[in-house]
Amino acid sequence: MSTLLAAGAVGTGFIYHWEDIGGEGGLSDPDNMHTLLAALGALGIAISTATAPDSSHASTGMLGLTAMLIGVKYTW
């Protein structure tokens with residue numbers, strides 16, 4: 001469920017802010033940094049849920065959560 005929610009958040013962000021994302025500003029553009037951190041966060045959450053419960057998945061889940069939170073806060 002957490003992977004679905006993370007993917008939904010990133011997916012709706014792409015849909016509604018597609019015109020704000022681009023390579024022109026590089027990582028100095030806040031929209032690009034927001035996109036990168038949120039996508040990496042969703043990936044971390046997806047990896048965490050894919051490897052659970054057979055491995056230690058808490059660290060990848062926390063890294064994913066942290067990246068998503070920083071990505072959201074970055075643009076606010």
Side-chain angles (χ1 to χ4, degrees):
M1 183 60 136
S2 59
T3 300
L4 182 63
L5 292 172
V10 172
T12 56
F14 275 127
I15 291 169
Y16 290 106
H17 299 286
W18 183 253
E19 67 279 351
D20 298 331
I21 304 165
E24 299 83 33
L27 293 179
S28 62
D29 183 357
D31 291 322
N32 291 340
M33 184 60 79
H34 170 78
T35 303
L36 176 67
L37 288 170
L40 286 175
L43 180 63
I45 291 170
I47 290 170
S48 175
T49 56
T51 60
D54 296 332
S55 68
S56 176
H57 62 282
S59 57
T60 54
M62 290 303 291
L63 286 172
L65 171 69
T66 303
M68 287 195 86
L69 289 174
I70 292 171
V72 169
K73 187 65 178 163
Y74 195 83
T75 57
W76 280 358

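Every value quoted in this text rests on a predicted model; they were computed, and no experiment measured them.
Distance alone, capped at 3.5 Å, places no donor-acceptor pair between the Ser48 side chain and the Gly44 backbone. Proximity of a side-chain donor or acceptor of Asn32 to a complementary backbone N or O of Gly26 within less than 3.5 Å is detected.
The two residues Leu27 and Met33 come nearest to each other via the heavy atoms O-CE, 3.7 Å. Shown here for His34 and Tyr74, the closest heavy-atom pair between the two residues is N-CD2, 4.4 Å.
A side-chain contact (heavy atoms from CB on, under 4.5 Å) with Met68 is found for one member of Leu37, Ile45, Leu40 and no other, namely Ile45.
A distance of 10.0 Å separates OG1 in Thr3 from CG in Leu43, rounded to the nearest 0.5 Å. A distance of 8.0 Å separates NE2 in His17 from OG1 in Thr12, rounded to the nearest 0.5 Å. The line from OG1 of Thr35 to CD1 of Ile21 is 3.5 Å long, rounded to the nearest 0.5 Å. Separation of atoms CG (Leu65) and CD1 (Ile70) is listed at 9.5 Å; rounding is to 0.5 Å.
Linking Ile, Leu, Val, Met, Phe, Trp and Tyr residues whenever their side-chain heavy atoms come within less than 4.5 Å places Val10 and Trp18 in a single cluster.
Side-chain contact annotation: Thr49 with Ser2, donor-acceptor N/O pair under 3.5 Å absent.
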